[in-house]
Amino acid sequence: MDFKSEVALLLSNATGLTRDAVYSAIEIPPQRELGDYAFPCFLLSKTLRKAPPVIAKELSADPALTAEWIEKVQAAGGYVNIYIDHGQFSKVILTDLLSKGRDFGKTDEGAGKTVIVEYSSPNIAKPFHVGHAFTTVLGHSLSRIYETLGYKVVRMNHLGDYGTQFGKLITAFRLWGDETALRETPIKELLRIYVKFHEEEKIHPELTQDARDNFKRLESGAEEETALWSAFRELSLKEFAIIYDRLGVQFDNYNGESFYSDRIPAVVDMLTSKGLLIDSEGAKVVMLDEYKAPPCIILKSDGTTIYASRDIASVLYRWDTYHFYKNIYVVGSPQALHFKQVFSVLDKAGYECARDCVHVGFGLVKFADMKFSTREGNIVVLDDLLNESIAKTYEIIKANALTRNTEISEEEIRDISVKVGIGSVIYTYVKSGRERDIIFSWEEMLDFEGDTAAYLIYTYARTRSILRKAADLGIVSAAAGEDCLSLLSSEDEYEVARLICDFPDAIKKAQNSNEPFMVARQTSQIARAFNRFYNNSSILSGTDEHQKRARLGLCEAVCTVISIGTNLLGISVVERM
RNA sequence: GCGCUCGUAGCUCAGGGGAUAGAGCGACCGCCUCCUAAGCGGUAGGCCGACGGUUCAAUUCCGCCCGGGCGCACCA
């Protein structure tokens, strides 16, 4: 039973408005004292030609607005405030959750639809930095959110694995490469020779031509060059795999730029045959004035292709292969124009699927007083960030275990540190709207009392601890549908139930706007409400058996929701901390 | 110059036509003989960047301006 839509039904009967119209007009009052649902009467004042407060008064006395779960209906200014029976509300929502368990929030609204999520997409032979982590974390979370709503998700890692830099790498490796180093620390070695190439190039300009020739040979499939390129790619990928493993991320395929390169000529042919390709300053472009965008370059003046052409090829390939419902690109906001151009070109060429392509942008990653021994330039490598976070988390947990004198093994402390340390980094990426720049600050992200992963994980561990204790005491949690659940009618208990009730909706909103933070926010609100309840009420030490079992049921419900929420964000929880 | 985006509490961020604008951090004051005090409560703190417009109602929508960020053809 959905209380809001039941309220809408009653109001619809009383007012003559459609149920949908009422449903969308219903508000949640700003103060608890004002009831649980409110209907603003302003929109009726014109047709009824009465003042809103008058309408509210009349409506609140309407016999149509009665039900056994409605406590009272009260007019307040231009609003009709509806007070529902909190115990019954709690029982209904907890019954729903307890019967579904980890499936709570799942729907099949996406059944039969395929969503492609392109994310992560690092460059081969380059370090994986904190910007890559942003797309990786977002894309991973979005994938899980879509899956929860029944969509089939294809996770694509569009690797930067092609282009003239590979000619340079081949040249450089033949001159200065170290086989052993390449195998041990591939990216470090590749970066080393890449940097050396650029230094040497200044003194020996002939290297540039050699690199170009190598890339040309690679493009035409020459055996030696292809073998080297392939080795660079595979070894880099092996190193990325370690990072993905740490983040708990996986992909369905790694079709990068190289994969699409031989599909570009078809794009050029298609655009040519449709008469969209125009000569401009030596390059071939598609004009996009009607889309209020600058021309999109398809072929450079030297006749070679450019990233826009590759992205167009990839959309067409994906459409042919998956007939996607949505094709999502989790790529930094600065590339907004590029995607607008790519999608516009496809739209202009008559491809309807262009409208189902969406660029999900995100902001910059910044640091507040963090000292990193940055290896190259001012990029921060993700591994360094994770290691540092884990180390600092370890110190905090270790210190706390000592002061609290808990018996906890060194091994377990290490395990908790890894999960909380990595979770803290992930949470920083998903705690606010993705378009915002984010700032890493140890003080903030590792504050165990703030809006952080640690707080969330701690709350989860706390619910687990209570559930374990209850099992020891032989107290059985209330099951779905049990009447004792309606004992959960206090302010604190109702607040938790209400927030849990909104959780599935938060997942849908997150999907709709491609904003994982909506799940993060709802989850953290539930955790906070639970801690308030925990602080004010004793769960296991009461005298009323029914109440104990009901409260334990609430505890179990919160445990389940936090576990679902953190899982959707890609954060791991621990049994105790 | 054009385009996109943002401007809300000291800081980091939610909200998004409607009833007294919220949360976390920080500051101040409190709460453990009791299930994890890594918790909780309270207080202080806002002309929601400025000005106009639409509306019964604007922090929210529209316009203009100011300020920050980003992007504007052969890199990705």
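The basis for the numbers below is simple: all heavy atoms, side chains too, and nothing from hydrogens, waters or symmetry mates. Reminder, nothing fancy here: chain letters follow the sequence lines and each chain counts from 1.
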[atom1] atoms of [N] and [M], separation to the nearest Å:
N	M	atom1	answer
rG22(B)	rC62(B)	P	25 Å
rA58(B)	rG53(B)	P	12 Å
rC61(B)	rG7(B)	P	10 Å
rC51(B)	rG67(B)	C1'	15 Å
rC11(B)	rG26(B)	P	16 Å
rC66(B)	rA21(B)	C1'	24 Å
rC28(B)	rU60(B)	P	36 Å
rU5(B)	rU43(B)	C1'	37 Å

Classify [X] by what it touches in the nucleic acid, base, sugar-phosphate, or nothing, heavy-atom distance under 4.0 Å.
X	value
Ile306(A)	sugar-phosphate
Ile397(A)	base
Tyr534(A)	base
Ser333(A)	nothing
Ala38(A)	base
Ala461(A)	base
Asp437(A)	sugar-phosphate
Ile539(A)	base
Gly433(A)	sugar-phosphate
Arg576(A)	base
Pro29(A)	base
Pro40(A)	nothing
Lys292(A)	nothing
Asp451(A)	sugar-phosphate

Picking from [options], which would you name as closest to the side chain of [X]?
X	options	result
Phe517(A)	rA19(B), rG15(B), rA76(B)	rG15(B)
Arg532(A)	rU12(B), rG22(B), rC40(B)	rC40(B)
Pro294(A)	rC40(B), rC72(B), rA37(B)	rC72(B)
Arg528(A)	rC40(B), rU12(B), rC35(B)	rC40(B)
Val285(A)	rC56(B), rA73(B), rC40(B)	rA73(B)
Tyr307(A)	rC40(B), rC56(B), rA76(B)	rA76(B)
Pro334(A)	rG71(B), rC40(B), rU36(B)	rG71(B)

What is the distance, rounded to the nearest whole Å, between atom [atom1] of [X] and atom [atom2] of [N]?
X	N	atom1	atom2	value
His338(A)	rC4(B)	NE2	P	19 Å
Asp279(A)	rA73(B)	CG	C1'	14 Å
Ile526(A)	rA23(B)	CD1	P	17 Å
Glu444(A)	rC25(B)	CD	P	10 Å
Asp447(A)	rA23(B)	CG	C1'	14 Å
Lys57(A)	rA19(B)	NZ	C1'	16 Å

Output yes if the stacking criterion (under 5.5 Å between centres, under 30° between planes) is met for Tyr79(A) over the base of rA19(B), else no.
->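 According to the criterion (under 5.5 Å, under 30°), yes, Tyr79(A) stacks.
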With syn defined as a glycosidic angle within 90 degrees of 0 and anti as anything else, the base of rC32(B) is syn
Pair assignment for [N], Watson-Crick or G-U wobble, requiring both distances under 3.5 Å:
N	result
rC48(B)	none
rC34(B)	none
rC4(B)	rG69(B)
rU12(B)	rA23(B)
rA76(B)	none
rU59(B)	none

5'-most by nearest nucleotide on RNA chain B - Lys469(A) or Val80(A) |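 Mapping each residue to its closest nucleotide by heavy atoms, the 5'-most match is Val80(A).
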Starting from the 5' end of RNA chain B, give me the residue, Leu43(A) or Ile438(A), whose nearest nucleotide shows up first.
->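 On the 5' side of the pair lies Ile438(A).
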Could you tell me how the ring of Phe367(A) sits relative to the ring of Phe440(A): parallel (under 30°), tilted (30 to 60°) or perpendicular (over 60°)?
-> parallel
Validation: residues 36-46 of chain A side-chain donor-acceptor distances under 3.5 Å, sequence neighbours left out:
{"residue": "Asp36(A)", "atom": "OD1", "partner": "His86(A)", "partner atom": "NE2", "Å": "2.9"}
{"residue": "Asp36(A)", "atom": "OD1", "partner": "Tyr494(A)", "partner atom": "OH", "Å": "2.9"}
{"residue": "Asp36(A)", "atom": "OD2", "partner": "Ile84(A)", "partner atom": "N", "Å": "2.8"}
{"residue": "Asp36(A)", "atom": "OD2", "partner": "His86(A)", "partner atom": "NE2", "Å": "3.2"}
{"residue": "Ser45(A)", "atom": "OG", "partner": "Phe42(A)", "partner atom": "O", "Å": "2.8"}

Aromatic centroids of Tyr260(A) and Tyr317(A) separated by under 6.0 Å |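 They qualify: ring centres under 6.0 Å apart.
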Does the ring center of Phe343(A) lie less than 6.0 Å from the ring center of Tyr329(A)?
->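 Between Tyr329(A) and Phe343(A), which both carry aromatic rings, the centre distance is below 6.0 Å.
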Quick one: the side chain of Asn400(A) and the base of rA37(B), do they pair up donor-acceptor inside 3.5 Å?
->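 Side chain to base: no pair present.
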Under the 3.5 Å rule, do the base of rA73(B) and the side chain of Ser280(A) count as making a donor-acceptor pair?
-> yes
Flag for Asp492(A)-Ser490(A): side-chain donor and acceptor within less than 3.5 Å | no
Side chains of Thr208(A) and Glu201(A): do they bring a donor and an acceptor to under 3.5 Å?
-> yes
Over all atoms of both residues, closest heavy-atom pair of Ala21(A) and Ser24(A) = O-OG, 3.2 Å
Name each donor-acceptor pair under 3.5 Å that joins a side chain in residues 538-545 of chain A to protein atoms two or more places apart or in another chain, with its distance.
{"residue": "Ser538(A)", "atom": "OG", "partner": "Ser541(A)", "partner atom": "N", "Å": "3.3"}
{"residue": "Ser538(A)", "atom": "OG", "partner": "Ser541(A)", "partner atom": "OG", "Å": "2.2"}
{"residue": "Asp544(A)", "atom": "OD1", "partner": "His546(A)", "partner atom": "N", "Å": "2.9"}
{"residue": "Asp544(A)", "atom": "OD1", "partner": "Gln547(A)", "partner atom": "N", "Å": "3.2"}
{"residue": "Glu545(A)", "atom": "OE2", "partner": "Lys548(A)", "partner atom": "NZ", "Å": "3.2"}

Please round to the nearest 0.5 Å and tell me the distance separating atom CG of Leu191(A) and atom NZ of Lys126(A).
-> 8.5 Å
Can you establish whether the number of heavy atoms outside Arg49(A) located under 6.0 Å from its atom CZ is more than 12?
-> no
